[in-house]
K.L.:
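Shown below is the structure under consideration.
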Amino acid sequence: VLERLLQRYLLAQNPVDISKPGMMLLNNGCGLLPNLLLLALYQEPPEWSQRFSDISSMGWLMIVLSCLNGVAISYAGLRVQQLVTATTFMVLTNVNK
């Protein structure tokens with residue numbers, strides 16, 4: 001709850017001087033750090049060369065479309081959070097799940 005209130009404050013009440021793509025990059029970059037730790041913990045990278053060579057062109061298309069969908073969701077989330085109250089955004093997030 002505190003995180004959402006702080007995000008709302010920094011997006012709408014007292015806006016920070018960062019563009020939407022910059023905010024998306026910052027948000028996803030912070031989420032990437034725990035994933036890098038898990039990658040190292042479970043020793044995934046050595047398997048990548050074999051896994052990547054097994055992916056078909058349709059598989060690569062699905063990966064690219066998934067990435068584009070993630071960018072769209074991230075942008076829409078930031079934009080909605082800027083326009084509505086923190087409570088409305090939390091309700092919207094929970095209803096959407």
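Computed from a predicted structure; not experimentally measured.
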K.L.:
Distance from Leu38 atom CG to Leu33 atom CG, nearest 0.5 Å?
P.N.:
11.5 Å
K.L.:
For Val80 and Phe89, which heavy atoms make the closest approach, and how far apart are they?
P.N.:
CG1-CD1, 3.8 Å
K.L.:
Checking side chain to side chain contact (heavy atoms under 4.5 Å, CB included) against Val91, which of Thr88, Val95, Asn94 comes through?
P.N.:
Val95
K.L.:
Does the side chain of Leu61 reach to within under 4.5 Å of the side chain of Leu65, using non-hydrogen atoms?
P.N.:
yes
K.L.:
Report the distance from atom CG of Asn27 to atom CG of Leu32, rounding to the nearest 0.5 Å.
P.N.:
11.5 Å
K.L.:
Could you tell me which non-hydrogen atom of Trp48 sits nearest to which non-hydrogen atom of Leu39, and how far apart they are?
P.N.:
CZ2-CD2, 3.7 Å
K.L.:
For Tyr42, does the OH atom sit with more than 12 other heavy atoms under 6.0 Å from it, leaving out its own atoms?
P.N.:
no
K.L.:
Could you tell me whether a side-chain N or O of Ser66 sits under 3.5 Å from a main-chain N or O of Met62, the two making a donor and an acceptor?
P.N.:
no
K.L.:
With a 4.5 Å heavy-atom cut-off, do Ile55 and Ile63 have their side chains touching?
P.N.:
yes
K.L.:
Shortest non-hydrogen contact from Cys30 to Pro34?
P.N.:
O-CD, 3.3 Å
K.L.:
Test of understanding: clusters of I, L, V, M, F, W, Y form through side-chain heavy atoms closer than 4.5 Å, transitively. Do Tyr9 and Ile18 belong to the same one?
P.N.:
yes
K.L.:
Tell me if a side-chain donor or acceptor on Asn28 pairs with a main-chain N or O of Met24 at a distance below 3.5 Å.
P.N.:
yes
K.L.:
In Å and rounded to the nearest 0.5 Å, what is the OH to CE distance from Tyr75 to Met23?
P.N.:
9.0 Å
